[in-house]
Every structure is written in structure tokens, then in C-alpha cells.
Amino acid sequence: MGKKDARIDAYIAKSAEFARPVLKYLRTVVHKACPEADETIKWGFPHFEFRGILCSMAAFKEHCTFGFWKGSLMTWNGKPLQPVGETAMGHLGRITKIADLPSEKTLIGLIKQAAKLNEDGVKPAKKAKASEKPTVPT
């Protein structure tokens with residue numbers, strides 16, 4: 001069984017009222033899909049780890065988000081998994097209620113896919129570095 005983190009309880013408790021059931025549900029589904037996942041807070045919001053960062057969730061004033069650390073390597077419905085829209089981080093778009101989420105079966109499948117990538121040690125391709133920094137005229 002993965003390690004639960006009391007800071008996640010506190011994060012959920014201080015979140016907006018609409019966000020609490022969404023965050024609790026996501027947390028439950030992550031642990032159902034990957035019982036060995038550990039919880040932690042990174043960059044100020046909840047993350048789940050299994051042999052590396054697996055996924056994360058966050059709550060804002062009017063919406064929640066949920067995303068996968070290696071989402072660029074994942075597929076959903078036979079297509080590459082992409083962040084949804086420009087107004088919300090994460091791969092599932094702006095979430096304001098549990099009904100905004102894909103089915104539990106789909107979520108479990110995505111979480112298991114992410115866990116398998118970590119278990120297999122798959123790394124995302126590194127971004128190319130800029131060859132030189134531009135010179136600023138003085």
C-alpha cells in the first residue's frame with residue numbers, strides 16, 4: 001500500500017467547496033489504479049509517485065486539474081494524450097465536478113498506463129537546447 005500524506009488532506013480541506021469531492025475522488029481512483037502510489041506535495045500541490053512522478057492534481061478558484069508527468073508518452077482513445085485547452089494545466093481540461101471527468105474505468109486505464117511507463121523506466125525525449133544565446137546589443 002502506498003504512503004498517504006496528511007498534507008494532501010490539508011490541501012483538500014482548504015480547497016474550494018466544489019473542488020473537495022473532485023480531489024477526493026481523483027485521490028481514490030489513483031490509489032485504486034496504483035495501490036503502491038505514494039502521495040507528496042511538490043510545487044505546492046498534490047502529486048502521486050510510483051517509481052517516479054506519476055500524476056498530479058490541483059485546485060484553483062473555479063476549477064481543478066489532473067495531469068500525468070509523462071503524458072506526452074501516453075495515448076487516449078488511440079491518440080496521443082495532450083493537455084486540454086490553454087486555460088487549464090493538465091490532461092483532462094477544466095474540472096468543476098466529477099461528471100467532467102472520464103469514466104472511472106478510463107481514468108484507471110490512464111493511471112495504469114502512466115505507472116507502466118515508470119515501471120519500465122521510459123523517459124521522455126529531451127528537448128533540444130538552444131545552440132547559443134542571442135547577444136543583446138548595448
Side-chain angles (χ1 to χ4, degrees):
M1 182 72 173
K3 180 183 70 169
K4 295 240 179 172
D5 189 326
R7 296 175 298 170
I8 307 268
D9 294 315
Y11 182 94
I12 292 170
K14 74 174 185 159
S15 295
E17 188 173 334
F18 80 90
R20 290 182 210 135
V22 172
L23 297 174
K24 287 177 186 176
Y25 175 77
L26 287 168
R27 184 186 201 186
T28 299
V29 173
V30 168
H31 287 294
K32 185 174 184 177
C34 184
E36 301 88 6
D38 291 330
E39 300 177 349
T40 189
I41 296 282
K42 289 184 181 291
W43 304 288
F45 55 97
H47 283 71
F48 300 90
E49 297 179 330
F50 171 72
R51 299 184 182 175
I53 300 174
L54 187 64
C55 54
S56 61
M57 62 184 186
F60 301 97
K61 275 185 180 180
E62 297 180 356
H63 73 280
C64 299
T65 63
F66 185 80
F68 297 94
W69 190 252
K70 295 181 180 173
S72 64
L73 302 174
M74 296 173 61
T75 59
W76 184 9
N77 293 330
K79 297 178 184 172
L81 183 63
Q82 299 291 324
V84 176
E86 296 180 14
T87 59
M89 64 182 200
H91 294 97
L92 304 180
R94 296 172 64 88
I95 305 163
T96 59
K97 57 192 174 304
I98 293 172
D100 293 339
L101 294 165
S103 70
E104 181 177 316
K105 180 180 176 182
T106 298
L107 277 173
I108 288 172
L110 289 168
I111 294 162
K112 286 184 175 191
Q113 188 181 155
K116 178 99 170 87
L117 288 170
N118 283 0
E119 192 169 42
D120 293 346
V122 177
K123 305 270 187 215
K126 292 189 179 190
K127 293 181 182 176
K129 292 183 182 180
S131 56
E132 286 187 31
K133 291 185 180 181
T135 307
V136 178
T138 54

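One is the number of the first residue; the rest follow in order along the sequence. Everything numeric in this text was worked out from a predicted model, so none of it was measured.
Distance check: Glu49 CD to Cys55 SG gives 10.0 Å after rounding to the nearest 0.5 Å. Between the CD atom in Glu36 and the NE2 atom in His31 there is a gap of 11.0 Å [rounded to 0.5 Å]. Note that the CD1 atom of Ile111 and the CZ atom of Phe66 stand 4.5 Å from one another [nearest 0.5 Å]. Interatomic distance, His47 NE2 to Leu54 CG, rounded to the nearest 0.5 Å: 10.5 Å. We find the CH2-CG distance between Trp69 and Leu117 to be 14.0 Å, quoted to the nearest 0.5 Å. Atom-to-atom distance recorded for Leu23:CG and Ile8:CD1 is 9.5 Å, nearest 0.5 angstrom.
By the side chain to side chain contact (heavy atoms under 4.5 Å, CB included) test, Lys24 pairs with Ile12, sequence neighbours left out. In this structure, Asn77 has no side-chain hydrogen bond (donor to acceptor under 3.5 Å, both in side chains) partners at least two apart in sequence or on a different chain. Residues passing the side-chain hydrogen bond (donor to acceptor under 3.5 Å, both in side chains) test with Asp38: none are found, sequence neighbours excluded. With sequence neighbours left out, the side-chain hydrogen bond (donor to acceptor under 3.5 Å, both in side chains) criterion links Lys97 to Asp100. Take Thr106 and apply the side-chain hydrogen bond (donor to acceptor under 3.5 Å, both in side chains) test, not counting sequence neighbours, and it matches Ser103.
Taking every heavy atom of both residues into account, Ile53 and Asn118 meet most closely at O-ND2, 3.0 Å. Closest heavy-atom contact between Phe45 and Met57: CD1-O, 3.3 Å.
Put simply, the side chain of His63 never gets that close to the backbone of Lys61: no donor and acceptor are under 3.5 Å apart. Within the 3.5 Å criterion, the main-chain N or O of Val122 finds no donor-acceptor partner in the side chain of Asp120. Using modelled atom types, one side-chain atom of Arg20 and one backbone atom of Ser15 make a donor-acceptor pair closer than 3.5 Å.
Counted within 6.0 Å of NZ on Lys4, heavy atoms from surrounding residues, nucleotides or ligands total more than 12; the atom is thus considered enclosed.
Two residues are said to be in side-chain contact when any heavy atoms from C-beta on lie closer than 4.5 Å; Leu110 and Gln113 meet this criterion. Looking only at side-chain heavy atoms (C-beta outward), Thr96 and Cys64 stay at 4.5 Å or farther from each other. Asp9 has its side chain within reach of Arg27: a pair of non-hydrogen atoms, C-beta onward, lies under 4.5 Å apart.
Legend: ring pair (Phe, Tyr, Trp, His ring centres under 6.0 Å) pairs involving residues 3-28, not counting sequence neighbours: none detected.
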Problem set entry | Stepwise side-chain contact (heavy atoms from CB on, under 4.5 Å) test for Leu107 and Glu104 | CA-CA 5 Å; Leu107 277 173; Glu104 181 177 316; 5.6 Å; no
For this session: Just do the side-chain contact (heavy atoms from CB on, under 4.5 Å) check on Thr40 and Arg7 with the steps written out, would you?
Result: CA-CA 8 Å; Thr40 189; Arg7 296 175 298 170; 3.4 Å; yes
